[in-house]
Amino acid sequence: MTASLAGKVVAVAGASGLGGPAVVRRLAADGATVIAADIDQQRLDAVVDSVKLAVPGAKVTAQVIDLLDPQEVHDWADHLEAEHGHVDGLLHLVGGWRGSKTFFETRIDDWDFLHDRVVRTLQHTSLAFQPALVRSASGRYAMVSAAGAHKPTAGGAAYAAAKAATEAWTLSMADSFKKETTAESGEPTAAAAILVIKALVSPEMRAEKPEAKFPGYTDIADLADTLAGLWDRPAAELNGQHLWLTAR
């Protein structure tokens with residue numbers, strides 16, 4: 001175990017999704033105290049158990065949270081800061097995709113689903129954790145967006161619009177960090193960043209389809225490396241940036 005994130009307290013929302021376990025494992029291996037959050041207790045327990053098995057001495061716990069309940073998310077953020085004295089990161093990995101073959105076939109209920117799962121959950125975590133991240137000596141907020149938000153396709157209207165909305169919201173959060181810095185130098189101590197991918201791929205997916213190329217996909221290990229590396233970069237350099245993990 002390295003100690004590059006020793007002393008950092010990082011919450012991971014959507015920890016039981018495709019990229020979540022790799023991110024939690026990487027953060028724990030780097031010495032962070034990690035709070036893995038999601039809605040499903042059984043899946044969360046499996047993530048935590050796997051991380052503790054892979055990383056002896058890992059400081060990781062599971063927290064069942066309904067991210068669509070703003071008060072519950074605010075209470076969670078307040079509790080973490082009170083318990084640990086500081087919160088240094090919230091990594092928003094909550095995903096979901098809905099689409100259609102053509103623009104005309106787009107279903108508004110797909111938008112409703114994505115609005116809740118993609119947009120609302122990010123709004124709630126960003127609003128709840130922003131004050132604690134401002135107070136941290138090195139607060140970091142990160143979300144995972146999609147290349148489709150920058151080049152929408154006919155059948156991806158709902159998904160592209162949802163991701164574009166979360167990017168805009170995150171950039172507003174980044175602007176708040178510029179204005180609410182606590183550093184004597186006037187430089188922000190907190191940063192909000194947007195990771196842009198086409199899609200994620202895991203070792204299991206590659207093993208199931210060894211003939212598949214997965215062009216433009218981002219390996220979950222690369223996602224984890226990038227997220228763990230957020231604390232290696234100055235907040236002023238990172239804040240408000242798009243970090244592309246696929247071709248533009």
Side-chain angles (χ1 to χ4, degrees), residues 12-20 22-23 37-40 43 65-70 73 90-130 141-176 191-202 205-206 208-209 212-220 222-224 226-227 239-248:
V12 179
S16 67
L18 179 58
V23 172
D38 216 314
I39 194 66
D40 189 306
R43 293 182 63 184
I65 290 289
D66 180 2
L67 295 177
L68 287 175
D69 184 332
V73 182
L90 187 289
L91 307 181
H92 191 90
L93 307 184
V94 182
W97 186 87
R98 293 284 179 89
S100 57
K101 291 182 178 180
T102 68
F103 179 79
F104 179 74
E105 293 175 296
T106 298
R107 297 165 55 91
I108 294 301
D109 58 357
D110 285 345
W111 163 255
D112 293 338
F113 169 83
L114 293 167
H115 178 262
D116 279 352
R117 185 173 178 87
V118 174
V119 182
R120 283 293 190 202
T121 59
L122 181 131
Q123 290 174 325
H124 294 164
T125 58
S126 59
L127 290 171
F129 280 85
Q130 191 266 2
Y141 185 95
M143 62 157 287
V144 179
S145 188
H150 299 260
K151 192 176 181 181
T153 60
Y159 183 70
K163 284 298 188 180
T166 57
E167 287 199 13
W169 190 276
T170 302
L171 292 176
S172 291
M173 185 185 195
D175 189 57
S176 80
I194 298 165
L195 279 64
V196 186
I197 65 171
K198 176 182 178 181
L200 292 174
V201 60
S202 67
M205 291 167 64
R206 292 191 184 278
E208 289 175 4
K209 296 183 177 180
K213 301 299 183 182
F214 297 99
Y217 282 44
T218 299
D219 280 285
I220 57 174
D222 293 332
L223 176 74
T226 301
L227 289 170
N239 193 38
Q241 296 300 307
H242 286 78
L243 308 179
W244 283 77
L245 301 183
T246 189
R248 294 181 183 235

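This is a predicted model, so every value here is computed, not measured.
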Could you give me the CA-CA distance, side-chain angles and deciding distance for L18 and M205, then say whether side chain to side chain contact (heavy atoms under 4.5 Å, CB included) is met? CA-CA 10 Å; L18 179 58; M205 291 167 64; 3.9 Å; yes
Quick one, H150 with W244, criterion ring pair (Phe, Tyr, Trp, His ring centres under 6.0 Å). Give me CA distance, side-chain angles, the key distance, then yes/no. CA-CA 11 Å; H150 299 260; W244 283 77; 5.0 Å; yes
Candidate pair I39 and L67, rule side chain to side chain contact (heavy atoms under 4.5 Å, CB included), full reasoning: CA-CA 8 Å; I39 194 66; L67 295 177; over 6 Å; no
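Here CD of Q241 is found 13.5 Å from OG1 of T170. Values are rounded to the nearest 0.5 Å. Summarising the geometry, atom OH belonging to Y159 is positioned 13.0 Å from atom CG belonging to D110; distances are rounded to the nearest 0.5 Å. Expressed to the nearest 0.5 Å, how far OH of Y141 lies from CD of Q130 amounts to 11.0 Å. The distance from the CG atom of D222 to the CG atom of L195 is 11.0 Å, given to the nearest 0.5 Å. Distance check, rounded to the nearest 0.5 Å: CD1 of I108 to NE2 of H115 gives 12.0 Å. Atom CG of L93 is separated from atom OG1 of T121 by 10.5 Å, given to the nearest 0.5 angstrom.
The closest donor-acceptor contact from the side chain of R117 to the backbone of G95 lies under 3.5 Å. The main-chain N or O of S16 is found under 3.5 Å from a side-chain atom of D38 such that the two form a donor-acceptor pair. Counting only distance, with no hydrogens or angles, the side chain of K198 and the backbone of L245 share no donor-acceptor pair below 3.5 Å. In terms of modelled atom types and a separation under 3.5 Å, the side chain of T218 and the main chain of I197 share no donor-acceptor contact.
For K163 against A149, the heavy-atom pair with the smallest separation is CB-CB, 3.8 Å. Counting all heavy atoms, side chain and backbone alike, N239 lies closest to A191 at OD1-CA, 3.3 Å. Nearest heavy-atom pair, M173 versus S126, reported as atom, atom and distance to 0.1 Å: CE-O, 3.6 Å. Of all the heavy atoms in L200 and Y217, the pair that sits closest is O-CD2, 3.6 Å. When all heavy atoms are compared, the tightest approach of L68 to H124 is O-CE1, 3.4 Å. Here the closest heavy-atom approach between residue A193 and residue L243 is recorded as CB-CD1, 4.4 Å.
With a 4.5 Å cut-off on side-chain heavy atoms, W169 and L127 count as touching. Side-chain contact between H242 and L171 is present, with at least one heavy-atom pair separated by less than 4.5 Å. Residues V73 and I65 form a side-chain contact, since some pair of their non-hydrogen atoms from C-beta on lies under 4.5 Å apart.
Within a 6.0 Å sphere centred on CZ of R206, other residues, nucleotides and ligands contribute more than 12 heavy atoms. Sparse packing is recorded around CZ of F103, with 12 or fewer heavy atoms of other residues, nucleotides or ligands lying under 6.0 Å away.
Considering T125, V12, V144 in turn, T125 is the only one that fulfils the side-chain contact (heavy atoms from CB on, under 4.5 Å) rule with H92.
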